[in-house]
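Comments concern the structure below.
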Amino acid sequence: MAQIDHQLLTALMDTTPDRIYFKDREGRFLRVNRALREFHQVPDDAAIIGRTDFDLFLPEHAQDAFADEQQVLATGQPIVGKVERENFADGRITWASTTKVPLRDESGNIIGTCGISRDVTEEHRKAEQLNEYARELAEKQAQMETELALAREVQFAMLPQSYPTFPQGATESASALRFAHRYLPEARLGGDFFTVTQISDTQAGVLICDVMGHGVHAALVTVVQRVLVEEIEALAGEPGAFLGELNRRLHHFFAPLPSSMFVTAFYLVIDTVTGSVRFANAGHPHPLHINRAKHQARTMGGNPLRPPFALGVAVDSVYEEEEDSVKAGDLLLLYTDGLCDLGEGKDLTADDPRFLALVQNCARQHGETFLDAVLTQAREFSGQGRFYDDVCLVSIDINRIGATA
């Protein structure tokens, strides 16, 4: 049986690709297998038996290996799977996963060590390469985050930083109309956009838009919209013509793009003398008209039998002008559909009584306080505490209507 065991051990040592060796307490090789001889490029056992790691490796690695062996000898505890860097005098560098255990005699005394080393140079190279890729990716990600943060600041800077007063030069508290907004991109950048324009001392134009999708591409379109809106300022007093021209220019901009895009939009012109509100819609949610005196909220305008095209879809789209009216004390809320896309079966529509009640319950508030209340109520209604799309809200408090406004 002893002869069979010896033959089995010899066969195992000579066939395994792992390097196996036995050493005495001074670190001298007692026996090695074929893989270790080939690794060190020696012709036979005689060329390595009695030598130590200091004869085969540079001192840096030899000293570490010797220290590990002395630890095993002193404690009797094995070292398992330690990854080591192996340095050679000819400049080679390899990596190995090494296990070292105590070698005992028949009485259980520790007389040396037994070691098994598996070459993991290729695995280590791949791991290092992956780490380098990860580092480069992290650097690019950090650069992208910095650029997105800057782009976000630019996008917010493009939104109105102050609002016109009516008549021009009036204080905010004395203005016939008071505006407020909230802008919540779903990601770092958003595709919602709005403007407030002073057409005259008695007329204000308010545009709200929602670009298909969100993120960088949608944000870029909002920049284009900003430029186009300024270019067609002469049409600001005519809602239908204004959206028609904006549609033609956006269609021209979208035409060369490889994928289709569109923008929903709602534009209104409010007159502080007559109280008339003229507007046109391009596939956008209709604003809400809140009558504070009667505690009522309703959608403004809309012809469900003739839904209008969004901007950029068809170059010859016509946007019909509609008309409504407001009184002093009323409130208008323009919004993008992110306010109603609440997920998990909680989506709302503009004519949903629950949505109207949600807004009406907040209408005792004014300006930003009102908008914050609406956002809070919507989050609580969804049960998610978040929105799944960009959200833009614009409120118009009607302080006075009449020739003295």
Ignoring hydrogens and geometry, is there a side-chain-to-backbone donor-acceptor pair from [X] to [Y] under 3.5 Å?
| X | Y | answer |
| --- | --- | --- |
| T336 | C392 | yes |
| S175 | T165 | no |
| T99 | G81 | yes |
| T16 | D18 | yes |
| R400 | A174 | yes |
| N33 | I20 | yes |
| R25 | I110 | yes |
| D201 | Q168 | yes |
| R278 | G240 | no |
| S200 | T202 | yes |

Looking at [X] and [Y], what are the two nearest heavy atoms and their distance?
| X | Y | value |
| --- | --- | --- |
| I290 | A363 | CG2-CB, 3.6 Å |
| A328 | I401 | N-CG1, 3.9 Å |
| G112 | L73 | O-CD2, 3.5 Å |
| V211 | V263 | CG2-CG2, 4.1 Å |
| F254 | G312 | CD1-CA, 3.9 Å |
| L243 | A282 | CD1-N, 4.0 Å |

**Request:** Tell me, with the steps shown, if H284 and D210 meet side-chain hydrogen bond (donor to acceptor under 3.5 Å, both in side chains).
**Result:** CA-CA 8 Å; H284 197 83; D210 185 356; 5.6 Å; no
**Request:** Could you check whether the rings of F194 and H181 sit parallel, tilted or perpendicular, using 30° and 60° as the cut-offs?
**Result:**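 Tilted, since the angle between the ring planes falls between 30° and 60°.
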**Prompt:** Is there side-chain contact between L358 and V374, with heavy atoms separated by less than 4.5 Å?
**Reply:**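 Yes, their side chains come closer than 4.5 Å.
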**Message:** For a 4.5 angstrom cut-off between non-hydrogen side-chain atoms, does L375 reach L339?
**Reply:** yes
**Asked** Can R37 and D45 be said to form a salt bridge (charged side-chain N to carboxylate O under 4.0 Å, His left out), step by step?
**Response** CA-CA 7 Å; R37 293 194 304 270; D45 286 354; 2.8 Å; yes
**Message:** For a side chain to side chain contact (heavy atoms under 4.5 Å, CB included) check, start with the C-alpha distance between D324 and R298, then their side-chain angles and the critical distance, and finish with the verdict.
**Reply:** CA-CA 12 Å; D324 208 320; R298 64 177 177 84; 3.0 Å; yes
**Request:** Among Q63, K100, K82, find the residue that satisfies the side chain to side chain donor-acceptor pair (under 3.5 Å) test when tested with D68.
**Result:** K82
Salt bridge or not between [X] and [Y]? Use side-chain N to carboxylate O under 4.0 Å.
| X | Y | result |
| --- | --- | --- |
| E128 | R125 | no |
| K140 | E136 | no |
| D372 | R182 | yes |
| K126 | E123 | no |

**Request:** Could you go through the side chain to side chain contact (heavy atoms under 4.5 Å, CB included) check for N399 and F166 one step at a time?
**Result:** CA-CA 10 Å; N399 288 343; F166 297 86; over 6 Å; no
**Item:** ring pair (Phe, Tyr, Trp, His ring centres under 6.0 Å) involving H40 - partner list, sequence neighbours excluded
**Value:** F57
**Message:** Suppose we screen for ring pair (Phe, Tyr, Trp, His ring centres under 6.0 Å). Which residues come up paired with H251, at least two apart in sequence or across chains?
**Reply:** none
Return the set of residues passing salt bridge (Lys or Arg N to Asp or Glu O under 4.0 Å) with [X] (not counting sequence neighbours), or none when no residue passes.
| X | value |
| --- | --- |
| D90 | R92 |
| D64 | none |
| D397 | R292 |
| K23 | D53, E69 |

**Asked** Taking atom types as modelled and ignoring hydrogens, do the side chains of S117 and T98 form a donor-acceptor contact shorter than 3.5 angstrom?
**Response**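 There is such a pair (donor and acceptor under 3.5 Å, judged by atom type) between the side chains of S117 and T98.
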**Message:** Go through it in stages, so that I can follow the logic: the residues are Y21 and F39, the test is ring pair (Phe, Tyr, Trp, His ring centres under 6.0 Å), and I'd like the CA-CA distance, side-chain angles, deciding distance and then a yes or no.
**Reply:** CA-CA 12 Å; Y21 50 89; F39 180 77; over 10 Å; no
**Item:** Worked verdict on Y319 versus S317 for side chain to side chain contact (heavy atoms under 4.5 Å, CB included)
**Value:** CA-CA 7 Å; Y319 300 95; S317 292; 3.4 Å; yes
**Request:** Determine, stepwise, if the pair I232 / F242 fulfils side chain to side chain contact (heavy atoms under 4.5 Å, CB included).
**Result:** CA-CA 7 Å; I232 62 174; F242 181 87; 3.7 Å; yes
